[in-house]
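A quick write-up on the structure given underneath.
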Amino acid sequence: MIDVKLISVDQTYPLRSLVLNPNLEVNTFSFEGDDKPDTQHYAAMHHDEVLAIGSVYAQQSDLIEGGTHARLRGFATDPGLRNKGVGSHLLEDIEKKLTAQKYDVIWSSVTANSLLFYQKRGYNAIGSEIFEPTLGKMVIVAKRL
């Protein structure tokens, strides 16, 4: 059974490093806003094992009109568990929690390789592609909750 739980930012670092940028040291993979009081770090867990992670920030996007926005960052699934529904389970649970917290929109910058994952879950690409030096081509996606 997979449970979705709030975790500390420190618990996100190993999977962030492994999936998002294996060239960085584990304890250096942080994002601006990680330690803000309204930032939430979620994990799909089996017992005490972290299977997938995603961090949520209260952050408006200039590309989306109206409502209260939440930004998803650092979404990553253990490579050995991809295509097994773990990431989908975590994302669905995060969306439910954000809806209950009265957010109207969830948005994220995603790699071109992961775009289809988000589109299958109702996200739409907005704006134009951007290039991040460590991650390559990125696309902004958003979904109304």
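Here the side chain of S17 pairs no donor or acceptor atom with the backbone of P14 at under 3.5 angstrom. The backbone N or O of F117 sits nowhere less than 3.5 Å from a side-chain atom of S114 that would complete a donor-acceptor pair. Judged purely by atom type and a 3.5 angstrom limit, T39 uses its side chain to pair as donor or acceptor with the backbone of G33. The main-chain N or O of L90 is never found under 3.5 Å from a side-chain atom of D93 such that the two would form a donor-acceptor pair. Not a single donor-acceptor pair under 3.5 Å links the side chain of E129 to the backbone N or O of V139. In this structure a side-chain-to-backbone donor-acceptor pair under 3.5 Å is missing from Q59 to L72. Between the side chain of K36 and the backbone N or O of Y57, no donor-acceptor pair lies under 3.5 Å. Between the side chain of H41 and the main chain of I53, no donor-acceptor pair closer than 3.5 Å is present. With hydrogens and angles ignored, the 3.5 Å screen pairs a side-chain donor or acceptor of S61 with a backbone N or O of L63.
In this view, L81 and L51, T77, D78, K84, V86 satisfy the side chain to side chain contact (heavy atoms under 4.5 Å, CB included) rule, not counting sequence neighbours. Residues satisfying the side chain to side chain contact (heavy atoms under 4.5 Å, CB included) test with A70, not counting sequence neighbours, are V56, L98, Y103. Legend: residues meeting side chain to side chain contact (heavy atoms under 4.5 Å, CB included) with D3, ordered by chain and number and at least two apart, are M1, K5.
If you run side chain to side chain contact (heavy atoms under 4.5 Å, CB included) between V4 and each of E92, K97, M45, only K97 comes through.
Taking OG of S55 as the reference point, atom CD1 of I7 lies at 7.0 Å (rounded to 0.5 Å). To the nearest 0.5 angstrom, S8 atom OG is 12.0 Å from D35 atom CG.
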